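Below is one structure, written out as structure tokens, with a few remarks after it.
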2 protein chains.
Amino acid sequence: MQRNDRKPPTIKDVAARAGVSVMTASRAINGKALVSPSARQAVARAVEALGYVPNASARALAGSADRRVALLHSNSTTSAYLGELLLGALAEAPQRHLHLVVEQCAPGASAQEVVDQVAQAHVAGVILPPPLCDWSELVDLLTQRDIAVVAIAPDRDGPDRLSVGTDDRHAAYDLARHLIDLGHRRIGFIEGNPRHRASARRLQGFRDCLADHGIAVDDALVAAGDFSFRSGLDAAELLLGLATPPTAIFACNDDMAAAAITVAHQRRLNVPGDISICGFDDTPLASAIWPALTTIRQPIRDMSREAIGLLAMRFRSQDEGSGDSIAAVKLDYQLIRRQSDAVPARH
Amino acid sequence: MQRNDRKPPTIKDVAARAGVSVMTASRAINGKALVSPSARQAVARAVEALGYVPNASARALAGSADRRVALLHSNSTTSAYLGELLLGALAEAPQRHLHLVVEQCAPGASAQEVVDQVAQAHVAGVILPPPLCDWSELVDLLTQRDIAVVAIAPDRDGPDRLSVGTDDRHAAYDLARHLIDLGHRRIGFIEGNPRHRASARRLQGFRDCLADHGIAVDDALVAAGDFSFRSGLDAAELLLGLATPPTAIFACNDDMAAAAITVAHQRRLNVPGDISICGFDDTPLASAIWPALTTIRQPIRDMSREAIGLLAMRFRSQDEGSGDSIAAVKLDYQLIRRQSDAVPARH
DNA sequence: CTGAAAGCGCTAACAA
DNA sequence: TTGTTAGCGCTTTCAG
């Protein structure tokens, strides 16, 4: 009855305590078939009593079951985004018997160099957050090397391409409808970086919604932007400087929405009294400004969780030689209503 | 010359190619002594040619060298902070031959429960970010179980306690001095959560600086807060509503500084023309508002990197039976000057 | 300085 | 349904 168990219990200890062979213990622990209920129970009890936890290294070494997968990132995403991604992946990986490694690709590296780096890591799969997931040269090279790729929120999901994301168009549609339901008819839109397809999809959802509600889209109300706060300032300046300014602004991300609020305040406009302003993404910024932003939240953590799941599934079907399974999963977004929107002021 | 090397090369391949035994290869690869220069070189060449990378699992399984360490977090820190911490730790751990696992402790769990959870993970050490690092019951329990603990930015670093952080007092002193150098004499201060010692240390640095410059601290200029945006609003309201308002405000974090800017704008004050406002932490928020905040940046990623280093060092000295080494490391902070500060307006 | 043997904890494959 | 044998890739003995 010593306080400090120097060594953690091994499967041998479990087997001994359960009165079965190591193999039976192994099978029971891994939930395989072909184990009698009684043995299964005995093992379960032993595991419980000993506080046994399988040794991941040994498992990886023995079977070819545990594979390594990498979360490859450039330094261009924010650490909040990356943090969420990491948390999801780190939580899911062990459950799927995958080892997660994190790789950062060097700033100026060529696709070939990045692939070499990944290959060095002996990974069987890679999770690619934006903007990496849209670097087709990289994706192709990886695929050629038989490394599975799953894209997080890619610009477009090709067939036979593993991806997870949300439906930007649909989310934008919903947000636009929210504004319309409030009574807005002149709604300004601040575009994101034209190189990101997400921006185009959001605009599309916005346009579709207006069209469906019989509202003509005034092109003067669609201002260019690039997702940066700075660009949001200019766009909002333009929109609010119009002869007939909009009663609401739909910004393609929170940063630009925050900028729009800043401009509104500079112009002595009350938000949301005089003008409603909505964002997209629900970054921490959204709730750290006043008024807090009504915005769309994407389940980032769940995305990487799903990504790991997709990889695990792909490996399984590879092993079984069966055809590929589901390729693109779409997760639900959420409209977060805070204080930056309201019914339009009477004229 | 096949395209797809099915299996990665093992140490056997390296040894064969170098014309030495597996053991010599192992020793050479790990930089151990007792290897002839010629052998060492041959192995190095073989490694290079084969693109050999040691298999971490096998290494962990064979030696007792690789230990597991956990980054334990509650869900109370922001994901940006956690993300940075993760990136630092994930990058450093393999280099130190440590396996990093990430554990989230359940919201309402007792210290005992959390320790049990950690023990389950077979870790030899734990990295504790705030506020976990200040939960002394937890730290004690962990220590009793012979699990090394390193605290990230703890409220106070005891002797014999591994910790890494920055010098809050000193950083606050520097920021205050920056304001004084600009010409400010009436400087408001917005406190953080009184339960966080960091808040007190920042106030102390602020006071010390004023004292050193012969400026009396007017207690009316020190407003309570709790690090939240909301509390910053109230504090700023109070400060700016004073008969003789300050010409500058030093907020204990960026969120409250952002709030102060909001209030200033509501009162038709120009920032920084009419009033300078500084933050602390350099969160993404700092550069996503207008004007962008002058603030203090803490090297969060480096902190977790250092934390891993401390653990590795501790293990090494444990193994060698030597006494404990350096316990508390302080990292350099940085004063980031942006657009929220300026010389005070003439009266 | 170098090498051979043994085994880390676990699981495929094969028997029983 | 169960147990046995072998071996994953590496490092630790312990002998050369």
Side-chain angles (χ1 to χ4, degrees), chain A residues 5-43 46-47 50-68 94 97-99 120-122 124 315-316 319-320, chain B residues 5-43 46-47 50-68 94 97 99 121-122 124 319-320:
Chain A
D5 312 305
R6 273 276 147 246
K7 292 277 173 201
T10 76
I11 198 172
K12 262 187 189 160
D13 303 321
V14 173
R17 197 171 214 279
V20 298
S21 77
V22 181
M23 242 355 268
T24 305
S26 169
R27 282 192 271 254
I29 289 165
N30 292 301
K32 301 259 177 126
L34 306 185
V35 182
S36 68
S38 61
R40 199 180 289 283
Q41 223 178 57
V43 171
V47 166
L50 266 36
Y52 167 79
V53 177
N55 178 319
S57 296
R59 201 176 244 174
L61 191 52
S64 57
D66 287 51
R67 316 200 195 206
R68 287 161 62 94
H97 290 222
L98 294 179
H99 278 322
Q120 278 269 319
H122 292 312
F315 296 148
R316 186 143 13 106
D319 295 343
E320 293 169 359
Chain B
D5 312 304
R6 272 277 147 247
K7 292 277 174 200
T10 76
I11 198 171
K12 262 187 190 162
D13 303 322
V14 173
R17 198 171 212 280
V20 298
S21 77
V22 179
M23 253 340 284
T24 305
S26 170
R27 282 193 271 256
I29 289 164
N30 292 303
K32 301 258 176 125
L34 305 184
V35 182
S36 68
S38 62
R40 198 179 290 281
Q41 223 177 60
V43 171
V47 166
L50 266 36
Y52 167 78
V53 178
N55 178 321
S57 296
R59 196 177 250 173
L61 190 51
S64 57
D66 287 51
R67 314 201 196 204
R68 287 162 62 97
H97 289 227
H99 278 323
H122 292 312
D319 295 343
E320 292 168 359

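These figures come from a predicted structure and were not determined experimentally. Proteins get letters first, then strands, A, B, ... in listed order; numbering begins at 1 in each.
Rounding to the nearest 0.5 Å gives a distance of 9.0 Å between CG of A:Leu34 and CZ of A:Arg40. The CG atom of A:Asn55 sits 9.5 Å away from the OG1 atom of A:Thr10 when rounded to the nearest 0.5 Å. Here the CG atom belonging to A:Leu98 is positioned 6.0 Å from the CZ atom belonging to A:Phe315, to the nearest 0.5 angstrom.
Of the candidate nucleotides C:dC10, D:dT11, C:dA12, C:dA12 has the atom nearest to the side chain of A:Met23. When each of D:dT2, C:dC10, D:dC10 is scored by its nearest atom to the side-chain atoms of B:Asn55, the top-ranked nucleotide is D:dC10. Closest to the side chain of B:Ser21, out of D:dT11, C:dG3, C:dG9, is C:dG3. When each of C:dA13, C:dC10, D:dT11 is scored by its nearest atom to the side-chain atoms of A:Tyr52, the top-ranked nucleotide is C:dC10. Set against C:dT11, C:dG9, D:dG3, the side chain of B:Leu61 has C:dG9 as its closest nucleotide. Ranking C:dA12, C:dC10, C:dC1 by closeness to the B:Leu34 side chain, first place goes to C:dC1. Side-chain atoms of B:Val20 lie closest to C:dG3 of the nucleotides C:dG3, C:dC10, D:dT2.
Side-chain N/O atoms of B:Ser57 include none lying less than 4.0 angstrom from OP1 or OP2 on D:dG9. Regarding contacts with the backbone of C:dT11, a side-chain N or O of A:Ser26 is found under 4.0 angstrom from either OP1 or OP2. For A:Lys32, a side-chain nitrogen or oxygen approaches OP1 or OP2 of C:dA12 to under 4.0 Å. Within the structure, every side-chain polar atom (N or O) of A:Thr24 is placed at least 4.0 Å from both OP1 and OP2 of D:dT1.
Sorted by residue number, the list of members of residues 9-19 of chain A with any non-hydrogen atom under 4.0 Å from DNA chain D is empty.
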key: Step-by-step side-chain contact (heavy atoms from CB on, under 4.5 Å) determination, B:Asn30 to B:Arg59   = CA-CA 11 Å; B:Asn30 292 303; B:Arg59 196 177 250 173; 3.0 Å; yes

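The CD1-P distance, from A:Ile29 to C:dT11, rounds to 7 Å in whole Å. Look at CZ on A:Arg27: it is 11 Å from P on C:dT11, rounded to the nearest Å. With rounding to whole Å, A:Arg40 atom CZ is found 11 Å from D:dT1 atom C1'. As rounded to whole Å, 22 Å separates atom P of C:dC8 from atom NE2 of B:His97. When the P atom of C:dA12 is taken as reference, atom CZ of A:Arg59 falls 10 Å away, rounded to whole Å. C:dT2 atom C1' lies 18 Å from atom CD of B:Gln41, rounded to whole Å.
B:Pro9 is not listed as a side-chain neighbour of B:Arg17, based on a closest heavy-atom distance of 4.5 Å or more. Side-chain contact between B:Ser26 and B:Met23 is present, with heavy atoms from C-beta onward closer than 4.5 Å.
The two residues A:Ile29 and A:Pro54 come nearest to each other via the heavy atoms CG2-CG, 4.5 Å. Shown here for B:Val20 and B:Ala39, the closest heavy-atom pair between the two residues is CG1-CB, 4.4 Å.
Within 4.0 Å (heavy atoms only), B:Val35 reaches sugar-phosphate atoms of the nucleic acid but no base atom.
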